[in-house]
Amino acid sequence: MDKKQIIKHLDTIALYLEIKGENTFKVAAYHRAGLALENDPRSMDEIEDVSKLKGIGKSTAMVIDELMKSGRSLVLQALEKEIPSGLLDLLRLPGLGGKKIGKLYRELGVVDRNSLRAACEQKKVRALSGFGEKSEERILQSLNEQKRPAQLALPYMLDVSEQLAQILQSIKAVARFSKAGSLRRTKEKMKDLDFVIETDDPEFVSEQLLKELPIHEVVGKGEAKMTVILDDPNHVSVDFRYATKQTYASMLLHFTGSKEHNVLLRRLAKERNEKISEYGIECEDGSVRTFTTESAIYRDFGCSFIPPQAREGKDELDWAQKGPLPLIHLSEIKGDLHMHSTWSDGAHTIAEMAEAMRAKGYAYACLTDHSRSLRVAHGLSSEQLLRQREEIEKINARFDDFTLFAGVEMDILPDGSLDYPDDVLCQLDFVIASIHSSFSQSQSQIMKRMENACRNPYVRLIAHPTGRLLGKRRGYAVDVERLIALAKETGTALELNASRFRLDLSAKWLGKVQDAGVKIAIDTDSHSMEMMNDMTLGVDTAIRAGIRPQTVLNTWSAAQLKSFLQQQKSGTTVATDQ
DNA sequence: GCCGTTTTCGGCCCGACTGTTTTCAGTCG
C-alpha cells in the first residue's frame, strides 16, 4: 500500500470517529498522522520507523504498520462494522458535521443520502433538537443539487479570481485587497477562493459585491466576512474577509494559512504567553499589537519572511528563525528560455515577443518555436528554422541591453528519434526537447524517448517533462526518478514549465531535481505576450519546492548562460563517423 | 490520540456566523 492510500485510510478513520462523536482531538490526531506522512519527503519504504515522526504515536503507528503489511486495519474494520459507510459522504453537506450526522443516524436511522432525503421529506429532521425548519430545507436543497467537484484546478480558479479582482478594484470603499488562502499559496487544487479586503465600510462593500457578482447563493454575511457561491459552471465558493488598516497584515497572514502553519504560529505565541489571531498579537496584559506587514509579524517572532508557498506547517518556522530563507525570488529571474512566435503557433511576432521580454526587464530570452513534425502547431522545417535564425540575429542587433537567443522546441518522435539531425541542431543556441505525441505509450517506450533526447549532445532541456495539464490530463507514463538520473548523467536541465495550465514539473519533483544536482529552467512557454506573466506562478512553484536561485538556469547572467551553453555535455553520444 | 527544558496528566488555536435557542452548540475555516 502506498503513502497516498495510507493517508486516505487514516482520514477515513478520522471521519468515522467524528461521526461517532469522539473527542475532536482524537479525530485530529488521525488527520495529523496522515499529514505527518504527507509532509515527509520519503516514500513509505524509505521510512524505517513511522512512530519516530512527530504527530505519529503508538496507536497511529500501529494502524500504519498494519496497513503496510496487510492492507487492512483492525481499527478501521471495527469502525466499518459499527457505522454505515454512507454516512461519510454526508460530511460533505454544508452545515452537517460529525455530531449532527451522529444524531441523524441514532435518532432517525439515516445511513446515506437517500435515507436523509427521505427523512427531510417526511419532515422528521426538523423535530430533532438542534435542527429546525431551516436546516431541514437547506439539507434537502444541497442533496438535490448535483455534486460540484470538491477541488477545483488552479487555472480555472486563477481566471475566476482575476475577474473578482477587477470588480474589487472598481469598488471605491475598498482601500486595498489581496488574494489569500490556497490560491495565494499557489496550490494546484483548491476548494474555494479567499480575499482579504481593507475597508472602513464592510457593509457597503458587501452590498456592492452582491450587486456586481453573479451570485448563486449567499452562504453567510456579517460585519467581518461574507461567503458567497458564484453562479459559474463550478459554483465556486468565495470568502471575503474585511480588515481595517490596523488588522490588514494579520488578517492576510491568518487567511493565507495554511491552517497547519497558523497552528505553529499560535504555538510559538503561546510559548511567550501571547495569543495570535487575525487581529494581531495579544499580550499577557490584554493589549493587542498590530503590524503593517506580514514581515513585521514574522520579525516579531524572530523569523525571517516566509513566502506563502512555504507556509505548509512543516519546519518552515525553525528555518526562518535561523535567518533568511535561501529561496528563489521573482526579481532574480533574468530571462525566459521557452516561447513561441507567429512562425509556429504563437500569437505575436518574434520582434513583439522580444520587445515584451525586454520590457519585463529581462536580460535575455530564447525563441523556441515548434519543430517540423508538430503540424498542428505549424512546426518549422530545417530550412525555415535556419532562416528564422537569421531573422533573430537581425532583431537581436537592435538591442545592446538584451540578448535574443535562437532556439527550438523539438519533438521527441514516437519511435524515440529526434525531429532534426545534429547538423541542424548544432547551429542553434539552445535546444529544448519535448513530447507532444503518442501519450499513451508504455513507460518503457516513453523512457526510451526521454533517454534518446537526454543523450543527444545538443539537447539542453527537457520541457514539460510529464505532459500533464492541470485539472485536464494526467500526462504520459514518465518515470520521473529515472529521468532525473538521466538528466544528471548527461548534464541536461529539466523544465519547470510555468504556464498556469501545466506547472510541470510539479513542486513534488523539483526538490528531488535540485537534490540530484540537476539544473532547472523556469519558462513560461508563452504563446502570447500576456502569457509571460505566468513566470510568477513558476517562481511560486519553485518556492514551494524549496528551490534556490543557483539551481535555476535563468537566474544566471547572459554571459554565464552563454558559457554554460557552449560547454560540451557529458555522457552523450556525438553522431560522427558511422 | 499525541505530547513533554512546566514530561506520564492535562492540555491541545482561535474567532465568525448560523440556527437554534433564550445563552449557546455546532460548523467552518
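Just the heavy atoms: all of them, side chains too, but no hydrogens, waters or symmetry mates, feed the values below.
- In this structure, A:Glu282 does not pair ionically with A:Arg289, as no charged nitrogen and carboxylate oxygen lie closer than 4.0 Å.
- Between A:Thr227 and B:dC28 there is no side-chain polar atom (N or O) within less than 4.0 angstrom of OP1 or OP2.
- Under the 4.0 Å criterion applied to side-chain N and carboxylate O atoms, A:Arg500 and A:Glu162 are assigned as salt-bridge partners.
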What's touching nucleotides 24-26 of chain B from the protein side, N or O pairs under 3.5 Å?
none

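- Nearest nucleotide to the side chain of A:Arg32, out of B:dA16, B:dT20, B:dG1: B:dG1.
- OP1 or OP2 of B:dA16 sits under 4.0 Å from a side-chain N or O of A:Tyr279.
- Residue A:Lys134 has its side chain nearest to B:dG19 when only B:dG29, B:dA16, B:dG19 are considered.
- Within the nucleic acid shown, A:Asn23 comes within 4.0 Å of at least one base atom, counting heavy atoms only.
- The OH atom of A:Tyr248 sits 9.0 Å away from atom CD1 of A:Ile197, with the distance rounded to the nearest 0.5 Å.
- Among the protein residues, A:Glu22 comes within range of no part of the nucleic acid, since none of its heavy atoms lies under 4.0 Å from any strand.
- A sub-4.0 Å separation between OP1 or OP2 of B:dC12 and a side-chain N or O of A:Thr24 is absent.
- Comparing the P positions of B:dT21 and B:dT27 gives a spacing of 15 Å, expressed to the nearest Å.
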Quick one: which protein N/O atoms are closer than 3.5 Å to N/O atoms of nucleotides 3-11 of chain B? Pair and distance per line, please.
from: B:dC3; atom 1: OP1; to: A:Gly55; atom 2: N; distance (Å): 2.5

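- For the pair A:Lys259 NZ and B:dC12 P, the interatomic distance rounds to 19 Å; values are reported in whole Å.
- At the heavy-atom level, A:Phe131 lies under 4.0 Å from the strands shown only through sugar-phosphate atoms.
- Side-chain polar atoms of A:Thr524 and A:Asp534 form no donor-acceptor pair below 3.5 angstrom.
- Note on A:Leu96: only backbone sugar-phosphate atoms sit closer than 4.0 angstrom, heavy atoms only; bases stay farther off.
- Of the charged side-chain nitrogens involved, at least one lies within less than 4.0 Å of a carboxylate oxygen, so that A:Arg544 and A:Glu312 count as a salt-bridged pair.
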